[in-house]
Amino acid sequence: MPLLPLSFFLRNDVVQIARELLGKKIVTRFEGVTTSGIICETEAYAGVTDRASHAYGGRRTARTEVMYAVGGTAYVYLCYGIHSLFNIVTSDAEIPHAVLIRGIIPSDGTEIMLQRTGKTKFTRNPGIGPGKVSKLLGIHYSHSGLKLNQTYPPGNHAINIEDTGTDQGSMKACPRVGVDYAGADALLPYRFILQ
DNA sequence: CATAGGATCGCCT
DNA sequence: GGCGATCCTATGT
């Protein structure tokens with residue numbers, strides 16, 4: 001399937017991009033092992049003006065520096081000391097917008113995914129939850145800064161987003177999870193779920 | 001240097 | 001539905 005063009009990620013409307021990512025396919029290749037899943041849940045984080053964003057107010061730290069990279073860069077960070085959370089940086093360089101991928105439906109390499117989670121069979125919604133997305137796809141916070149949709153030589157690490165060409169179907173928007181500290185911004189309908 | 005807390009998950013009751 | 005796991009990151013002294 002065709003890779004999404006980088007221009008997809010360079011647009012300024014991060015909320016629109018989060019919506020459009022529903023139904024797209026994430027394909028990862030680590031150590032020559034390929035796994036993939038269809039994106040079914042996302043959240044938009046609107047850069048410096050969004051209290052829920054790590055880049056709120058223009059904050060820059062060693063961790064968040066990647067958010068200021070050009071659109072199409074992976075921003076992965078550790079949460080609760082356990083979970084790697086995968087985000088896609090969008091817009092131009094210096095504009096720290098990002099989309100958190102919160103859920104996938106496993107597609108290719110399900111055996112590998114079971115292996116990664118230490119299970120023998122999938123539970124009800126094996127790919128729902130941002131920590132699970134990374135677990136299934138083998139994404140680690142050390143992958144932060146990796147450029148998506150590049151034509152790396154086989155053997156290199158790669159994270160790609162493909163256009164499935166299918167209609168994303170119905171989706172709903174609601175407030176984001178776990179951002180109570182963000183005041184009024186916690187109420188913004190920046191979370192998108194494929195029905 | 002020390003410490004509090006986090007865009008969570010899974011197991012337990 | 002409650003709680004412990006687990007460790008990096010940010011911030012303050």
Side-chain angles (χ1 to χ4, degrees), chain A residues 9 13-19 21-22 26 28 35 37 39-69 71 73-91 95-106 110 112-146 148 159 161 171-194:
Chain A
F9 303 107
D13 191 343
V14 66
V15 176
Q16 177 66 13
I17 293 173
R19 236 190 315 259
L21 278 170
L22 292 177
I26 308 183
T28 63
T35 48
I39 298 171
C40 61
E41 188 175 332
T42 62
E43 277 178 3
Y45 285 84
V48 300
T49 62
D50 182 354
R51 296 188 101 87
S53 169
H54 290 164
Y56 175 65
R59 279 163 49 87
R60 296 181 90 117
T61 65
R63 178 181 69 154
T64 62
E65 188 60 32
V66 170
M67 296 187 80
Y68 293 83
T73 302
Y75 169 48
V76 190
Y77 72 93
L78 188 71
C79 189
Y80 294 105
I82 302 174
H83 308 288
S84 287
L85 269 54
F86 173 62
N87 300 250
I88 300 174
V89 173
T90 69
S91 198
I95 302 185
H97 290 176
V99 176
L100 170 65
I101 307 301
R102 291 192 57 88
I104 59 163
I105 299 163
T110 52
I112 305 291
M113 294 182 183
L114 284 171
Q115 207 173 306
R116 283 174 178 156
T117 50
K119 303 217 156 97
T120 52
K121 60 176 187 171
F122 279 134
T123 49
R124 195 163 195 36
N125 291 314
I128 305 300
K132 294 190 199 169
V133 169
S134 300
K135 190 86 176 176
L136 292 179
L137 294 173
I139 297 171
H140 185 259
Y141 63 85
S142 61
H143 296 132
S144 198
L146 191 66
L148 308 182
I159 303 177
I161 312 295
M171 59 114 200
K172 77 167 181 181
C174 54
R176 293 170 292 185
V177 175
V179 294
D180 296 343
Y181 60 85
D185 288 345
L187 302 175
L188 295 169
Y190 282 3
R191 179 188 185 197
F192 301 102
I193 304 171
L194 212 54

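Letters go in sequence order (proteins before strands), and every chain restarts at 1.
- Separating the CZ atom of Phe122(A) from the P atom of dG10(B) is a distance of 12 Å, rounded to the nearest angstrom.
- Separating the NE2 atom of His54(A) from the C1' atom of dT8(B) is a distance of 12 Å, rounded to the nearest angstrom.
- Checked against Ile26(A) for a side chain to side chain contact (heavy atoms under 4.5 Å, CB included), the options Ile104(A), Leu21(A), Thr35(A) give a single hit: Ile104(A).
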Are any protein N/O atoms closer than 3.5 Å to N/O atoms in nucleotides 9-13 of chain C? If there are, list each pair with its distance.
unit_1	atom_1	unit_2	atom_2	d
dT9(C)	O3'	Arg63(A)	NE	3.4
dA10(C)	OP1	Thr61(A)	OG1	2.2
dA10(C)	OP1	Arg63(A)	NE	3.4
dT11(C)	OP1	Arg59(A)	NH1	2.1

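- Between the side chain of His140(A) and the backbone N or O of Ser142(A), at least one donor-acceptor pair lies under 3.5 Å.
- A distance-only check finds a donor-acceptor pair linking the side chain of Arg176(A) to the backbone of Asp185(A) [under 3.5 Å].
- Heavy atoms of other residues, nucleotides or ligands lying less than 6.0 angstrom from NZ of Lys135(A) number 12 at most.
- dA7(B) has Tyr45(A) stacked on its base ring, the centres lying under 5.5 angstrom apart and the planes within 30 degrees of parallel.
- Whole-Å rounding puts the His140(A) NE2 to dC7(C) P distance at 11 Å.
- The phosphate of dA7(B) has neither OP1 nor OP2 within less than 4.0 Å of any side-chain N or O from Arg191(A).
- For the pair Arg51(A) CZ and dA7(B) P, the interatomic distance rounds to 15 Å; values are reported in whole Å.
- For dA7(B), one of the phosphate oxygens OP1 or OP2 lies less than 4.0 angstrom from a side-chain nitrogen or oxygen of Tyr181(A).
- Per the geometry, NE2 belonging to His83(A) stands 11 Å off P belonging to dT6(C), to the nearest Å.
- Rounded to an integer number of Å, the gap from Tyr56(A) OH to dA7(B) P is 15 Å.
- Between the side chain of Thr42(A) and the main chain of Ala18(A), a donor-acceptor pair closer than 3.5 Å is present.
- For the pair Arg63(A) and Tyr141(A), the NZ or CZ position fails the cation-pi test of under 6.0 Å to the six-membered ring centre and within 45 degrees of the ring normal.
- Rounded to an integer number of Å, the gap from Asn125(A) CG to dC9(B) P is 12 Å.
- Stem regions for DNA chain B, each three or more consecutive Watson-Crick or G-U pairs with both distances under 3.5 Å and listed by first number, read B:1-6 with C:7-12, B:8-12 with C:1-5.
- Around the CZ atom of Arg51(A), the shell of radius 6.0 Å holds no more than 12 heavy atoms that belong to other residues, nucleotides or ligands.
- Per the geometry, CD1 belonging to Ile82(A) stands 10 Å off P belonging to dG10(B), to the nearest Å.
- Contact between the side-chain N/O atoms of Lys132(A) and the OP1/OP2 oxygens of dG10(B) is found at a separation under 4.0 Å.
- Within the 4.0 angstrom heavy-atom criterion, only backbone atoms of the sugar-phosphate kind lie near Leu85(A); the bases stay farther away.
- Judged by distance alone, with hydrogens and angles left aside, the side-chain atoms of Glu43(A) form a donor-acceptor pair with the main-chain N or O of Val177(A) at under 3.5 Å.
- Shown here is Phe9(A), whose CZ atom has more than 12 heavy atoms of other residues, nucleotides or ligands within 6.0 Å.
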